[in-house]
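Keep in mind that the numbers below use all heavy atoms, side chains included, and drop hydrogens, waters and symmetry copies. Order of the sequence lines fixes the chain letters, A, B, ..., with proteins taken first and strands second; residue numbering starts at 1 for each chain. Keep in mind the model is a prediction, meaning the values are calculated, not measured.
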Protein chains: 2
Amino acid sequence: MAVTIRDVARRAHVSVATVSRALTSPELVRPETRSRVLAAATELGYQPNRAARGLITGKTGNIGIVVPDLDNPFFTGVLKAVQARAMQADYAVFVADSDEDPVTEAKLVHAMAKQVDGVVLCAPGLEDSQIYEVAGATSLVLLNRRLPGVPAALMDSAGGMHAVIDHLVALGHRRIAYLNGPRTSWSNQERRRGLLSAVAQHDVDLVDLGPFAPRYEGGLQAADLAVAADTTAIVAYNDIMALGVLARLRDRGITVPGDVSVTGFDDLTYAALCSPALTTVAMPVAQAGRTAVNLLLDWLDSDNTEVPQIVAETQLIVRGTTTPPRR
Amino acid sequence: MAVTIRDVARRAHVSVATVSRALTSPELVRPETRSRVLAAATELGYQPNRAARGLITGKTGNIGIVVPDLDNPFFTGVLKAVQARAMQADYAVFVADSDEDPVTEAKLVHAMAKQVDGVVLCAPGLEDSQIYEVAGATSLVLLNRRLPGVPAALMDSAGGMHAVIDHLVALGHRRIAYLNGPRTSWSNQERRRGLLSAVAQHDVDLVDLGPFAPRYEGGLQAADLAVAADTTAIVAYNDIMALGVLARLRDRGITVPGDVSVTGFDDLTYAALCSPALTTVAMPVAQAGRTAVNLLLDWLDSDNTEVPQIVAETQLIVRGTTTPPRR
DNA sequence: AGAAAAACCGTAAACGTTTTCGAGCGCCAG
DNA sequence: CTGGCGCTCGAAAACGTTTACGGTTTTTCT
């Protein structure tokens, strides 16, 4: 059916071993025969069977990525970068969606383990111990989750949140609401950490609300609580919640940013497109995705002695939803 | 290293052949020994090596999907469904992003061909002939592109567009602008087809503008042309363009839907979230994704005699950007 | 020129499965 | 009692590669 290494060998008048060498370690064969082999290979349109190769080398040439939700632009941004970088390095990528469920998350990386050289696990909801457990099944690099002993591509969301508070304080806000995302999520903890550190050095009142579902509906619900708390600025856990907040405020006749300032987090595309455009912090998803596969690839051919955790910088994007408070 | 079929065989005191049979075709082995094998397998945590299996069976247990842009929620919606359905059927899925480039598109399916049992090709920009060419490399099912002889999962976007015009005409609009997407794209042709058929039976003036880039910026540009043409309704090729139109109109002080009605297409999440919420047509992306892999799976074990092309219904979602014209 | 070293390449084993073939066995019919 | 059949299972070949090992040729050195 398909063209095999034997066909190439026959056509080039060499053994299969030579063909293999000519393709994978060219320095081991005389230039003349090598070009003969290469010619035969391209003429026949030969592509090595990766399964067979993997069987003997133990490497598959594949990597996996498991994300909590493929409908979330945040993760697809990561995915896009991972895919691109992997392709560059001649790796193919398996994708799986855990639907935010920790147990399928674990199941998925176990299922992938046999077919990949490593997997990047995005923002897992797993317990620390469970992560260590799945890390035993394959090479793992985390994205948006820090854990001692396992390499990770991180984003400085704490720093981003710090910048948000600095920005609001500079505008003159002194009473600020934070709308928490899921309490147990590592992201929320990080964002909150940056928030608290900034608040501590600025002498402002923090109204800590939630947790809320990190969705549009969560924002709708949270908005009322924030205005009831008489704050002049509302810091949402993420953009989608912020959009909910904006919608609810508009419905109630509260103008943004006139009556109250609002910030999001993530800089999803629609943050720039809604009106007024949302002040938010941009996450370097593409960069993180790229470094995640870089880490994985490095990890694969190295003595695994050091465990790099690379954090990429976030960036505050000031748009139309933040101004000085009314008075 | 990993636990192999031989380990299981040893522990169950049978041959490797029996283990294989017990796992893949249970009816061929005595129930008693089968349970002994199963016990041994689970005790050891045995998972068959799919590469080795694929080597002999010729099936990989993988499917591939190539999309034009992973940042586009439309395609990730498809991807999510494809992934879910594939997982259900115990298939793993490779994903690749062509970056809207037809030649990488072809290259990608060729590269995948060896590692998958089939690929679903989403909204390809390839010429018909090139599609037939890549279809030779592996089992192919198209999504959002119809081509004689190759199975496809389609969505009735023509019907959706027809519904849009019916809706606008019912509201009283008689002069309508259509903002074309890329001329050569199958999607634009389909939408335009539905548009023209509706226009023909309604006696309205159609102002055919473009093509424009199917992006926010394209909408900004198109908006001015549409108002210059003195239309009372603007039908955009897709939601993102519609958002651009809304932004540009707002900047110019033209109110929506008061002065002019606007419609989008695709029903991406932000269509519901912007304000006023966008009237648009919902594409059954999840359903299409599912049927795409169903088609692929059916195709794989059947006599390939019939070539099903299944079209899923679209649905007009009336929201806040459409009302009767001012006078 | 002769020997040692290096360069090149072929033979065959190995990777972990599935599957063909046939052996052993019990059973039933003739 | 014999022949045949059905059931269960083991031995071994096969899938398409890579790679250890050895053999042959070429180069290098004296």
Mind listing the side-chain donor-acceptor pairs of residues 70-78 of chain A below 3.5 Å, one per line with the distance, residues two or more places apart or on another chain?
{"residue": "A:Asn72", "atom": "OD1", "partner": "A:Phe74", "partner atom": "N", "Å": "2.8"}
{"residue": "A:Thr76", "atom": "OG1", "partner": "A:Pro73", "partner atom": "O", "Å": "3.1"}

Set of salt bridge (charged side-chain N to carboxylate O under 4.0 Å, His left out) partners for A:Asp298, sequence neighbours left out: none
Which pairs count as ring pair (Phe, Tyr, Trp, His ring centres under 6.0 Å) when at least one residue sits in residues 80-103 of chain A, sequence neighbours excluded? A:Phe94-B:Phe94
If you look only at distance, which donor and acceptor atoms sit under 3.5 Å apart when one is on a side chain in residues 53-60 of chain B and the other is two or more places apart or in another chain?
{"residue": "B:Thr57", "atom": "OG1", "partner": "B:Arg53", "partner atom": "O", "Å": "3.0"}
{"residue": "B:Thr57", "atom": "OG1", "partner": "B:Lys59", "partner atom": "N", "Å": "3.2"}
{"residue": "B:Thr57", "atom": "OG1", "partner": "B:Lys59", "partner atom": "O", "Å": "3.3"}
{"residue": "B:Thr60", "atom": "OG1", "partner": "B:Asn62", "partner atom": "N", "Å": "3.0"}
{"residue": "B:Thr60", "atom": "OG1", "partner": "B:Gln115", "partner atom": "O", "Å": "3.2"}
{"residue": "B:Thr60", "atom": "OG1", "partner": "B:Asp117", "partner atom": "N", "Å": "3.4"}
{"residue": "B:Thr60", "atom": "OG1", "partner": "B:Asp117", "partner atom": "OD1", "Å": "3.0"}

All salt bridge (charged side-chain N to carboxylate O under 4.0 Å, His left out) counterparts of B:Asp7, not counting sequence neighbours: B:Arg10
Base, backbone or nothing for each nucleotide of nucleotides 4-17 of chain D, written B, S, -, heavy atoms under 4.0 angstrom, 5' to 3'? ----SBBB--BBBB
What does the inter-axis angle of the helix from C:dA1-D:dT30 to C:dG30-D:dC1 come out as, five pairs per end, nearest 10 degrees? 40°
Test salt bridge (charged side-chain N to carboxylate O under 4.0 Å, His left out) applied to A:Arg6 - qualifying residues, sequence neighbours left out: none
Output every pair passing salt bridge (charged side-chain N to carboxylate O under 4.0 Å, His left out) with a member in residues 122-135 of chain B, not counting sequence neighbours, ordered by first then second residue. B:Asp128-B:Arg145
